[in-house]
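Working notes for the structure below.
Just so you know, residue 1 is the first one in the sequence shown, and it goes up from there.
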Amino acid sequence: MDNHQKRNLTFYTIGLIFMLSGIEYAVILPTIWRYLQILEAPPYFLGLGLSAFSLSGLLTGPLFGLWSDRSKTTKSIILFSNLFEIAGNFMYFIGYSKWLLLCSRLVAGVGAGAGSSIFGFLTHSTRPEERAGVFAAIMACRQAGLLVGPAFNLFLRLCDFKLGPFIVNKYTSPGIFMCLLWVLLQFVVLALYWDVPPISSEGGVVMVEMKQAQDDEEEVLLMGSDKESVHTYRAVNSDQLETSASSELQLVHGASSVSDPYKTFSASRELLREEVVVLLTAQFITLFNQTALETMVTPLTQRHFSFGELGNSLMYSVCGVEVILGFFFVRWLSRKVADRAVLAVGLVICCTACIWCLIFLCNPRGGYGWELSAFIIGVFLQLLGLPFVAVSQVSLFSKITAEKTQGFSQGIRRSVGGLATILGPLWAGGLTENLYVMLGMMLALLIMITVSRTQLI
């Protein structure tokens, strides 16, 4: 296979990795609360269990990014990180105590830290003009996992048998199920994942070959002329040719060698630039608002619309379809519109959604039908803006940060997002009865980042 075929198969494998991460979240989330109750855990353990996964991913993401930047490989990192997913989900399956369950989510979260290496690899393996489309497709794969995950619970909830000394029921079965899926993924990665050369490296090789061919043609043309003029020409230009050739070789060396890319790297100089800070802030605010709204939705539907498990499941399924379609629309749009414009559109839609919720959801009036319609419109607008912001800010971030240290930079970006997914539910959880304060703060954050975006990027 040529590098193009290998790259496509590698991208499909990455999509499968992100789909499995979505399936894991969708399979474990519906049962973890009841599982903790059976293990006699206090209510706050639910928040700890959900936050533990994000916390370990937050801490390990930059470390995996450093590893991939220095080694110039990601396949071994993915294989290594998947071992933590396998171990963590097996610990979840065993579940002898609430503390083991908490540790299981911490261990599994370490595996999620490899996402920084994957995004670094995607940056190296795509051209700037196609990068947003690739990122959109990968993110859509995770949303597809979130959508199909609940379908697996239909048969997992029927499990009721013993596997040696272990009990397999509807609470423990998600752990062993995901453990087996991550084991199978190891074989897929071994067979279909390649550390293909970066796009810049391939370009550099072509440039050197063209330069050498050019030099050969010049030498042939000069052979037929006067010997003295040939000698004079080569004497004058030999240093220039050597310098040019050496600069081209340095280009290839800088893109593909295993030398330390951090010798001249300054984290403060790279990450504290205004445009980088704006995009990191956009990452934080987007995920903070998203997780806060996810926390708010279930109590809101129960209080105003009397939704049960079936109603919430149908709502989440429809939301998942909308987000997937949104990602593929952004994938198409990114080929025709600049990332900055996509980000601006997304932020305007998110601000509109927040204003709508402030006006119509904080103090709902009218009949059941009007309140439900206002709720559906608010959720629709919020989810509509998500793909625009998520894809454009990742693509822009990859373009304004140094390519040689993409793994570390993407790790920092994902850590900022992980912090937002921890703080968002904590903020919303205590304000479900005071939506004016919760939504007002979210709108203020969105307006701040929208204004910052117009001034700095």
Side-chain angles (χ1 to χ4, degrees), residues 11-32 49-54 56-58 61 78 81-82 84-86 88-89 92 104-105 108-119 122 134-156 173-186 188-189 283 286-287 290-291 293-295 297 312-328 330-331 382-383 386-387 389-391 394 410 414 417-418 420-422 424-425:
F11 287 174
Y12 292 140
T13 306
I14 291 173
L16 184 60
I17 293 171
F18 276 79
M19 180 179 284
L20 280 192
S21 69
I23 291 174
E24 179 178 350
Y25 184 84
V27 165
I28 286 179
L29 184 64
T31 58
I32 188 173
L50 296 177
S51 299
F53 187 89
S54 298
S56 53
L58 179 156
I78 293 173
S81 66
N82 284 351
F84 289 92
E85 290 279 9
I86 294 168
N89 281 286
Y92 186 91
S104 73
R105 302 313 295 154
V110 174
S116 58
S117 300
I118 293 174
F119 275 103
L122 291 173
V134 173
F135 286 160
I138 296 300
M139 293 178 182
C141 287
R142 187 178 188 279
Q143 292 298 323
L146 291 171
L147 186 63
V148 304
F152 291 110
N153 276 328
L154 294 177
F155 72 85
L156 290 176
S173 56
I176 191 64
F177 175 70
M178 290 309 307
C179 181
L180 293 175
L181 286 185
W182 286 110
V183 169
L184 292 175
L185 182 68
Q186 292 288 75
V188 175
V189 173
Q283 166 86 351
T286 303
L287 290 177
Q290 179 192 350
T291 53
L293 288 170
E294 287 175 356
T295 306
V297 161
N312 283 325
S313 297
L314 290 175
M315 177 185 66
Y316 282 120
S317 297
V318 174
C319 290
V321 172
E322 182 193 349
V323 172
I324 291 172
L325 293 176
F327 275 117
F328 280 104
V330 172
R331 174 182 169 85
Q382 181 62 40
L383 295 177
L386 176 63
V389 179
V391 173
V394 176
Q410 293 289 344
R414 287 174 62 86
T421 60
I422 294 172

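- Side-chain contact between I28 and R105: present, with at least one pair of heavy atoms (C-beta onward) separated by less than 4.5 Å.
- For the pair I86 and Q186, the tightest heavy-atom approach, listed with the atom from each and the gap, is CD1-CG, 4.0 Å.
- Here I324 contributes atom CD1 and L146 contributes atom CG; the two are 8.0 Å apart, rounded to the nearest 0.5 Å.
- Pairing each heavy atom of G149 with each of A26, the nearest pair is CA-CB, 3.7 Å.
- Counting only heavy atoms from C-beta outward, the side chains of Y92 and E24 never approach each other to under 4.5 Å.
- L386 contributes atom CG, which lies 9.0 Å from atom CE of M139 (distance to the nearest 0.5 angstrom).
- Separation of atoms CD (Q410) and CD1 (I118) is listed at 11.0 Å; rounding is to 0.5 Å.
- Checked by atom type and distance alone, the side chain of T421 pairs as donor or acceptor with a backbone atom of G418 at under 3.5 Å.
- One finds the CD atom of E322 at 10.0 Å from the CD atom of Q382 (value rounded to the nearest 0.5 Å).
- Here the shortest heavy-atom pairing between G111 and F84 reads N-CB, 3.8 Å.
- The SG atom of C319 sits 4.5 Å away from the CG atom of L383 when rounded to the nearest 0.5 Å.
- The CG atom of L181 lies 6.5 Å from the CD1 atom of I23; values are rounded to the nearest 0.5 Å.
- Smallest separation of non-hydrogen atoms from R414 and A112: NH2-O, 3.3 Å.
- Closest approach of A140 to F328, counting heavy atoms only: CB-CE1, 3.8 Å.
- For the pair L156 and S173, the tightest heavy-atom approach, listed with the atom from each and the gap, is O-OG, 3.2 Å.
- Under the 30°/60° scheme for interplanar angles, the aromatic rings of F177 and F152 are found to be tilted.
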Candidate pair E85 and N89, rule side chain to side chain contact (heavy atoms under 4.5 Å, CB included), full reasoning
CA-CA 6 Å; E85 290 279 9; N89 281 286; 3.6 Å; yes
